[in-house]
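Beneath this line is the structure, given in structure tokens, with notes to follow.
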Amino acid sequence: MSGRNVFSETQLFYSSRPLRRSSNIMTEPFTSIKSLPEHVGERVTLKGWLYNKRGSKALYFLILRDGTGLVQCVVNQDNVDETSFAVAETATQESALEIVGTVNADERQVGGVEIHAESATLIAQAESYPITPKEHGVEFLMDNRHLWLRSQRQWAIMRVRNRIIMAIHAYFQSEGYIQMDPPVLTGNAVEGTSTLFELEYFDKPAYLTQSGQLHGEAMAMAHGKIYTFGPTFRAEKSKTRRHLTEFWMIEPEMAFYDLDMDMQVAEELLLAIVGDVLRDCRDELEILGRDFAKLDLIQGPFPRISYDEAVELLHSDETQRILDAEHEETTAEEKVLKEERTANRAAYGQAKKGEKRRIDAREIDINKRLDEIEEDLRNIPAWKESAANFEWGADFGGSDETVLTKHFDRPIIVHRFPAVIKAFYMKRDPEDDRLALGMDVLAPEGYGEIVGGGERATDLAFLKQQVQDHGLPEEVFDWYFDLRRYGSVPHSGFGIGLERTVAWICGLHHVRETIPFPRLMGRIHP
RNA sequence: UCCUCGGUAGCUCAGCGGUAGAGCAUGCGGCUGUUAACCGCAGGGUCGUAGGUUCGAAUCCUACCCGGGGAGCCA
């Protein structure tokens with residue numbers, strides 16, 4: 001598309017790469033760990049927190065964390081004054097430190113450098129830190145989310161999240177979209193189906209928004225192409241790895257765009273996100289253990305599959321074969337893991353202390369995975385049945401979505417759904433009145449629906465009828481109807497869930513790790 | 001709302017009718033190149049809560065509370 005030349009400039013502007021040294025020195029009288037490879041042989045001042053420590057009587061290795069990376073600082077009794085050495089001896093995990101020393105290249109270390117310290121100064125001694133360098137359970141980590149964010153994996157995820165946010169802005173800005181902020185407090189339900197958080201608004205009921213789309217449509221009639229970027233609230237009682245009660249959604253809305261163009265935008269946006277993350281977040285993806293090959297496969301065009309074709313696919317023998325193969329693979333993995341566990345337990349008695357700890361940690365991993373496997377093995381027969389007996393007119397369940405994506409190695413776009421299962425504002429397919437011009441993008445690897453949208457209805461009488469048929473109060477939509485009274489045009493848009501996208505790109509098990517402070521059913525603290 | 005798994009030391013877990021355990025973390029001691037460093041010693045528990053069964057309950061039963069992940073619904 002035209003305007004791509006702007007993209008590269010915008011890209012630079014939004015880049016998450018470190019600032020250039022000149023500007024860095026002007027604003028900060030200390031050096032970031034990330035930039036240390038540029039300072040080999042130089043004397044630098046570092047400020048950060050003690051991530052981990054190893055040592056002996058006269059030599060300590062301090063692993064320092066400053067938010068940009070980790071580096072090992074060697075504190076040798078012969079090279080520092082007494083106070084500095086005492087700091088190295090007594091500093092506890094997460095104590096804040098300032099360290100001055102020279103940068104030495106050392107291939108053995110993380111980041112390829114280590115610091116030979118001249119001095120160490122204590123900024124603040126930390127109390128006994130709850131998150132120790134070992135395995136922790138979900139509940140404990142969630143209770144300590146404010147501290148968990150300092151851990152490497154969480155750090156990497158937040159970096160990728162930031163990069164994805166910037167990629168989204170860069171894409172839309174370069175394509176001539178205007179960012180708009182829709183209201184968070186609303187008096188109307190867009191879909192009418194989801195449960196809303198209700199609150200009191202000067203003695204009247206109001207709701208936290210579940211979508212900015214309707215207001216986005218109004219803005220699109222003023223600017224042509226717009227996108228929202230803001231929080232969304234759903235009071236659904238969903239306790240699954242894909243649900244948050246508060247999440248961030250991006251909703252573009254384009255005047256004079258039909259369904260095909262809408263799908264094109266969704267595809268381009270996702271390709272831009274994957275491309276930017278792959279280019280700028282290699283280290284982060286490495287920390288997360290993400291399989292690069294899986295992301296390299298994400299290239300256009302994404303398969304477009306009609307709802308009818310999707311139903312056929314669910315009914316196909318190939319679907320049954322895929323699920324049978326999965327059942328077999330999972331059973332085989334279960335066997336291998338159980339054998340390893342048995343072997344580990346047999347070796348445990350004679351094992352040294354360090355080895356015992358490794359076995360313990362491995363046992364936790366194995367048990368966690370075995371729980372998942374057990375669940376999958378229980379579910380696969382149900383998935384097979386759900387797919388085989390899927391009836392035209394129903395909405396896809398979570399397992400159906402997963403099964404559909406297993407036929408492909410990249411995201412797929414499913415379009416033209418039965419109108420009855422879609423929102424009232426969707427335009428009908430002129431070729432088949434039973435269908436709505438909606439589309440969903442399903443991410444691969446079981447991540448499911450990350451985009452939902454479609455072409456909007458333009459006819460006032462039809463919309464009014466729809467509102468009535470859905471049992472919605474007509475009066476709250478008066479302003480929305482006006483958009484059809486004053487120059488109604490074909491237009492389309494979609495919503496993309498930020499957290500589900502981050503989970504997919506990072507290869508995470510649960511969306512709760514994709515947002516700094518997740519809000520879940522039964523969890524609103526910290 | 002339903003189904004399912006769990007709650008034992010600060011953390012991760014073992015123990016499943018007969019004296020409350022391990023590793024990590026913490027404290028003390030040792031060690032000049034460690035990579036979740038290592039070695040020794042020590043402190044640390046109303047076994048989620050309330051009932052019940054029993055000579056005896058962390059263990060068995062009932063109810064409740066809290067959490068995990070799944071269904072429905074959805075991004």
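Naming: A, B, ... by sequence-line order, numbering from 1 per chain. Atom set for the values below is all heavy atoms of this structure, side chains included, hydrogens, waters and symmetry mates excluded.
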If you define the side chain from C-beta out and look only at heavy atoms, does anything of A:R234 sit under 4.5 Å from A:F247? yes
Of the candidate nucleotides B:G67, B:A36, B:C74, which contains the atom at the shortest distance from the side chain of A:R523? B:G67
Contact between A:L59 and A:V75 at the side-chain level, heavy atoms closer than 4.5 Å - yes or no? no
All N/O contacts under 3.5 Å from nucleotides 32-34 of chain B to the protein, with atom names and distances to one decimal?
unit_1 : atom_1 : unit_2 : atom_2 : d
B:U32  : O4     : A:D78  : OD1    : 3.1
B:U32  : O4     : A:D78  : OD2    : 2.9
B:G33  : N1     : A:E114 : OE2    : 3.0
B:G33  : N2     : A:E114 : OE1    : 2.8
B:G33  : N2     : A:E114 : OE2    : 3.1
B:U34  : O2     : A:R54  : NE     : 2.8
B:U34  : O2     : A:Q72  : OE1    : 3.4
B:U34  : N3     : A:Q72  : OE1    : 3.1
B:U34  : N3     : A:Q72  : NE2    : 2.9
B:U34  : O4     : A:Q72  : NE2    : 2.7
B:U34  : O4     : A:Q109 : NE2    : 2.7

Could you tell me how far apart A:Q93 (CD) and B:G27 (C1') are, to the nearest whole angstrom? 16 Å
How close or far is atom P of B:A25 from atom NZ of A:K134, stated in whole angstroms? 9 Å
Say we look at B:U54 and B:C61: how far apart would their P atoms be, to the nearest angstrom? 16 Å
Could you state the atom-to-atom distance from CD of A:E94 to C1' of B:A25 in whole Å? 14 Å
Options B:G72, B:U12, B:G68, nucleotide nearest the side-chain atoms of A:V138: B:G68
Ring pair (Phe, Tyr, Trp, His ring centres under 6.0 Å) between A:Y480 and A:H215: does it pass, once the steps are laid out? CA-CA 8 Å; A:Y480 187 65; A:H215 295 94; 9.0 Å; no
Once you round it to whole Å, what is the distance between C1' of B:G70 and CD of A:E401? 15 Å
Nearest whole Å is fine: how far is B:A14 C1' from A:E135 CD? 17 Å
Between N or O atoms, less than 3.5 Å apart, protein on one side and nucleotides 1-7 of chain B on the other: list the pairs.
unit_1 : atom_1 : unit_2 : atom_2 : d
B:U1   : O4     : A:K237 : O      : 3.2

Closest to the side chain of A:F247, out of B:C11, B:A75, B:G69, is B:A75
In Å, rounded to the nearest 0.5 Å, how long is the span from CE of A:M249 to CZ of A:R500? 11.0 Å
Taking the same atom, P, in B:G48 and in B:A58, what whole-Å distance lies between them? 10 Å
How is A:L498 classified with respect to the nucleic acid when contacts are heavy atoms under 4.0 Å: base, sugar-phosphate, or nothing? nothing
What interatomic distance, in whole Å, is found between P of B:U19 and the corresponding atom of B:G56? 15 Å
Of A:D400 and A:T245, the one whose closest RNA chain B nucleotide lies more 5': A:D400
For A:T92 and A:S95, which I'm curious about, is there any donor-acceptor pair between the side chains at under 3.5 Å? yes
When both distances are under 3.5 Å in a Watson-Crick or G-U wobble arrangement, the nucleotide paired with B:A63 is B:U49
A:R161: which of A:E284, A:E499, A:E513 passes salt bridge (Lys or Arg N to Asp or Glu O under 4.0 Å): A:E499
Please state the P separation for the pair B:U32 and B:C13 - nearest whole angstrom. 37 Å
With a 3.5 angstrom cut-off on both distances, give the Watson-Crick or G-U wobble partner of B:G40, or none if there isn't one. B:C28
Take atom CG of A:L62 and atom C1' of B:A37, then tell me their distance rounded to the nearest Å. 14 Å
Classify the nucleic acid contact of A:P133 as base, sugar-phosphate or nothing, counting any heavy atom under 4.0 Å across all strands shown. base
Please determine, for the side chain of A:R241, which listed nucleotide (B:C24, B:G69, B:C74) has the closest atom? B:G69
On RNA chain B, does the nearest nucleotide to A:L244 precede the nearest nucleotide to A:H509 from the 5' side, or the other way round? Give the residue. A:H509
Watson-Crick/G-U partner (both atom distances under 3.5 Å) of B:U54: none
Is there a side-chain polar atom (N or O) of A:H243 under 4.0 Å from OP1 or OP2 of B:C73? no
If the P atom of B:G23 is compared with that of B:U62, how far apart are they to the nearest Å? 36 Å
Compare the minimum distances between each of B:C74, B:G68, B:A71 and the side chain of A:T240, then state the nucleotide with the smallest one. B:A71
Are the charged groups of A:E253 and A:K225 less than 4.0 angstrom apart, N to O? no
May I ask you to say whether A:E267 pairs ionically with A:R304, meaning some side-chain N is under 4.0 Å from a carboxylate O? yes
Starting from C1' on B:C13, measure out to CZ on A:F140 and report it in whole angstrom. 14 Å
Reckon A:R512 has a side-chain N or O less than 4.0 Å from the OP1 or OP2 of B:G69? yes
B:A71 and B:A57: how far apart are their P atoms, nearest whole angstrom? 42 Å
Residue-phosphate contact under 4.0 Å: A:R234 side-chain N/O, B:G72 OP1/OP2: no
Between B:C73 and B:C16, how far is it from one P atom to the other, in whole Å? 43 Å
So does A:D262 pair up with A:R456, basic N to acidic O under 4.0 Å? no
So, do A:F408 and A:I305 sit near enough that their side-chain heavy atoms are less than 4.5 Å apart? yes
Once you apply the 3.5 Å cut-off to both distances, tell me the Watson-Crick or G-U wobble partner of B:A71, or none. B:U1
Spacing of CG belonging to A:L244 relative to CD1 belonging to A:I515, to within rounding of 0.5 Å: 6.0 Å
Under a 3.5 Å cut-off for both distances, is B:A22 Watson-Crick or wobble paired, and to whom? B:U12
Can you list the steps and then say if A:E236 with A:R242 is a salt bridge (Lys or Arg N to Asp or Glu O under 4.0 Å)? CA-CA 12 Å; A:E236 292 152 6; A:R242 301 184 306 282; over 6 Å; no
A:H510 NE2 to B:G70 C1', in whole Å, measures 11 Å
Taking atom P in both B:A63 and B:U12, what distance in whole Å separates the two? 28 Å
Please classify the nucleic acid contact of A:V451 as base, sugar-phosphate, or nothing, using heavy-atom distances under 4.0 Å. sugar-phosphate
